[in-house]
Amino acid sequence: MEIRHKEALAWIEEMASLCEPDEVVFCDGSLEEKRRLEEECFKTGELIELNQEKLPGCALHRTARNDVARTEHLTFICTRNPHDAGPTNNWMDPQEAYSKVGGMFKGSMRGRTMYVVPFLMGTPGSPFTKIGIELTDSKYVVLNMRIMTRMGDVAARELGTDRTFTKCLHGKGELDIERRFILHFPEDNTIWSYGSGYGGNVLLGKKCLSLRIASYLGLLEGWMAEHMLIVGVETPDGEVHYICGAFPSACGKTNLAMLVPPKSMSGYKVWTVGDDIAWLRIGPDGRLWAVNPESGFFGVAPYTSYKTNPNAMETIKKNTIFTNVLLTPDKTVWWEGMDVDPPAEGIDWKGEPWTPQSGEPGAHPNARFTAPAAQCPSISPHWEDPQGVPISAILFGGRRARLAPLVYEAFNWQHGTFVGATMASETTAAQSGAVGVVRRDPMAMLPFCGYNMARYFRHWLDMGSRIPNPPKIFHVNWFRKDPDGRFLWPGYGENLRALDWIIRRCKNEADAQETPIGLIPTKNSLNLEGLSISDEDLDQLLEVKADPWVEELESMQKFFDQFGYDLPEELVEEQQALKNRLGEWKA
Ligand code: OXD
Ligand code: MN
């Protein structure tokens with residue numbers, strides 16, 4: 001299937017004459033093409049073929065050592081007016097950006113091949129779906145895009161002669177951090193990524209298109225692009241309730257999306273729809289409907305195990321690309337927290353000989369797997385439904401050792417928007433920089449909102465008033481610790497107990513107690529059957545104390561201050577109302 005879209009062809013030609021590749025190859029997405037590219041990569045060392053008996057169709061890739069995570073400080077929103085990017089994004093003038101990074105792209109693909117990768121975010125024919133074309137000089141990118149998106153002929157067909165598409169240009173450049181830029185031009189529906197080979201920076205359908213550009217398109221077109229998992233929970237009576245959850249990177253979205261019910265809740269089933277991105281639209285029934293625009297998982301490998309996420313372990317047994325994990329002598333893979341003994345020796349993520357005694361991690365903490373979603377044992381039969389799935393509840397959550405209780409419900413959509421807008425979490429290895437520092441990360445979108453976040457909050461409030469039957473909004477925290485640093489909640493499969501309470505709240509079937517921050521479960525409204533948890537731990541998990549929340553208000557205020565008068569009045573009101581409620585709270 002050829003590309004017959006004149007504007008697309010002209011753009012491809014223009015970019016090719018900028019980058020000067022030796023050859024331009026149009027990708028069709030076929031199995032034959034995949035095999036050919038893999039063979040080429042095995043020869044150059046870009047990929048290492050893994051043990052085909054144990055891991056059929058799997059390969060290993062190592063990135064450059066300086067290129068192991070998203071580089072938020074090198075990620076820019078290039079709008080004509082800096083105000084449109086807002087205070088939380090890096091901004092560059094579009095003309096300056098095109099000229100500066102255009103200079104880097106100039107001739108950068110000499111001696112290389114430029115691959116043309118048409119791709120869909122969403123399924124063919126769905127009203128949610130967006131089309132992109134990524135031009136890249138990386139075979140690793142092509143092979144990953146083949147898993148993460150619907151790419152090749154299927155997308156060229158959808159593009160036709162006149163559909164709108166996002167122009168995505170990626171070049172590895174020199175993999176020099178001084179010459180690395182991830183640029184978004186929302187006003188031109190264009191993305192340029194130069195100088196990186198790390199997934200989050202270069203699989204342009206994912207963070208760049210499906211969140212940064214899509215959030216802007218959602219604003220213009222009246223829908224929402226969110227950093228959310230989508231999961232279906234089937235209760236013992238056979239009803240399935242779909243929940244979306246926004247959590248910052250590496251905070252367990254993949255684990256929650258693939259949760260396995262604990263034995264004592266064996267009447268429940270959990271269905272995976274998506275683990276990272278949700279696109280939400282108001283459906284004809286007045287509810288909010290969600291699709292997962294991706295077709296694969298780009299998950300964090302370390303601490304993925306048969307204990308923490310058996311469905312992920314089953315998913316990555318075949319046709320998976322591993323990045324920056326440890327290579328074992330029998331050409332399989334290992335990482336910290338895999339919950340099997342490490343091999344006596346291996347080759348670490350840097351390509352160096354490694355032993356368990358070497359005192360260095362074998363896998364990078366942000367090592368990843370890229371695996372087809374269809375291979376997931378818990379994949380929902382509805383994960384590719386063109387109209388999506390109806391959402392009953394939205395969760396916000398983060399890693400908070402203190403403060404946030406296990407679960408609480410917002411009073412209404414406006415309060416829920418405030419809860420999302422004031423979310424905070426400890427940073428992880430998914431972004432370069434310090435790990436474990438509490439930062440405010442509204443709706444887990446701080447690094448992914450393609451425009452002024454104050455406007456984004458406004459969009460949330462506006463959507464709320466347009467949704468006749470909005471989902472209820474909750475906040476969850478699986479990471480609360482006692483003063484000695486011990487986790488108070490077992491997490492993983494047991495998180496279903498919080499989801500169960502949430503679903504019963506949506507059906508008006510569970511009790512709650514009002515606190516200043518929202519509605520928390522009464523102790524006997526949680527299903528704790530079969531879980532051994534002490535009363536004291538439960539008390540701490542559900543505790544809401546005024547003083548630390550008053551302190552939190554100050555930090556929220558600092559964060560909000562940067563938006564000045566752009567901050568929606570409703571959020572100021574919510575903040576004031578919280579302050580007043582805390583003033584009267586005796587706990
Ligand atoms: C991801 C991330 O890769 O959020 O999903 O960093
Ligand atoms: Mn993510």
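If you're wondering where the values come from, they're calculated on a predicted model, not measured in any experiment. For ligands, and for the atoms within them, numbers begin at 1 and follow the listed sequence.
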Under a 4.0 angstrom heavy-atom cut-off, which atoms of ligand 1 come close to [X]?
X	answer
His227	4 (O)
Asp276	5 (O)
Phe298	3 (O)
Ser249	2 (C), 4 (O), 6 (O)

Does the shortest distance from the Mn ion (ligand 2) to an N/O/S atom of Ala444 fall below 2.8 Å?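 No, outside the cut-off.
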Option nearest atom 1 (C) of ligand 1 (shortest heavy-atom distance, choices Arg70, Lys207, Glu72):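 Looking at heavy atoms only, Lys207 sits closest to atom 1 (C) of ligand 1.
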Which atom pair, heavy atoms only, marks the closest approach of Ser210 to Ala225?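 Shortest heavy-atom separation between Ser210 and Ala225 comes out as O-CB, 3.6 Å.
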What's the shortest heavy-atom distance between Gly518 and Tyr408, and which atoms?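 Nearest heavy atoms, Gly518 then Tyr408: CA-CD1, 4.1 Å.
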With ring centroids as reference points, do Phe448 and His227 lie under 6.0 angstrom apart?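 Yes: the rings meet the under 6.0 Å criterion.
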Give a yes or no on whether the ring-centroid distance for Phe418 and Phe457 is below 6.0 angstrom.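 No - the distance between ring centres of Phe418 and Phe457 does not fall below the 6.0 Å cut-off.
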Between Glu174 and Arg180 (salt bridge meaning N to carboxylate O under 4.0 Å), is one present in this structure?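 No, no charged N to carboxylate O under 4.0 Å.
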Please determine whether a side-chain nitrogen of the Lys or Arg among Glu426 and Arg400 lies less than 4.0 Å from a carboxylate oxygen of the Asp or Glu.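 Looking at Glu426 and Arg400, the cut-off is not met.
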Under 3.5 Å, is there a donor on one side chain and an acceptor on the other for Trp460 and Glu226?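 Checked: Trp460/Glu226 side chains pair up, N/O donor to acceptor below 3.5 Å.
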Check this for me - ligand 1, [X], N or O atoms closer than 3.5 angstrom, yes or no?
X	answer
Tyr198	no
Lys253	no
Lys206	no

Would a 4.5 Å heavy-atom cut-off, applied to side chains only, mark Ser196 and Thr71 as touching?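 Side-chain contact under 4.5 Å: no.
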For Pro372, which residues count as a side-chain contact (heavy atoms from CB on, under 4.5 Å) partner, sequence neighbours excluded?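 Residues passing side-chain contact (heavy atoms from CB on, under 4.5 Å) with Pro372: Ile147, Asn319, Gln375.
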To the nearest 10 degrees, calculate the angle at the Mn ion (ligand 2) involving NZ of Lys207 and NE2 of His227.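 It rounds to 90°.
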Using a 4.0 Å heavy-atom cut-off, which part of Phe448 comes near ligand 1: side chain, backbone, both, or neither?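 Looking at Phe448 and ligand 1, just side chain atoms fall under 4.0 Å.
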N, O or S atom within Asp276 nearest to the Mn ion (ligand 2), by name: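 Result for Asp276 and the Mn ion (ligand 2): OD1.
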At what distance is the nearest protein heavy atom to atom 3 (O) of ligand 1, and which residue and atom is it?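 So the nearest neighbour among protein heavy atoms is Arg368 NH1, 2.9 Å.
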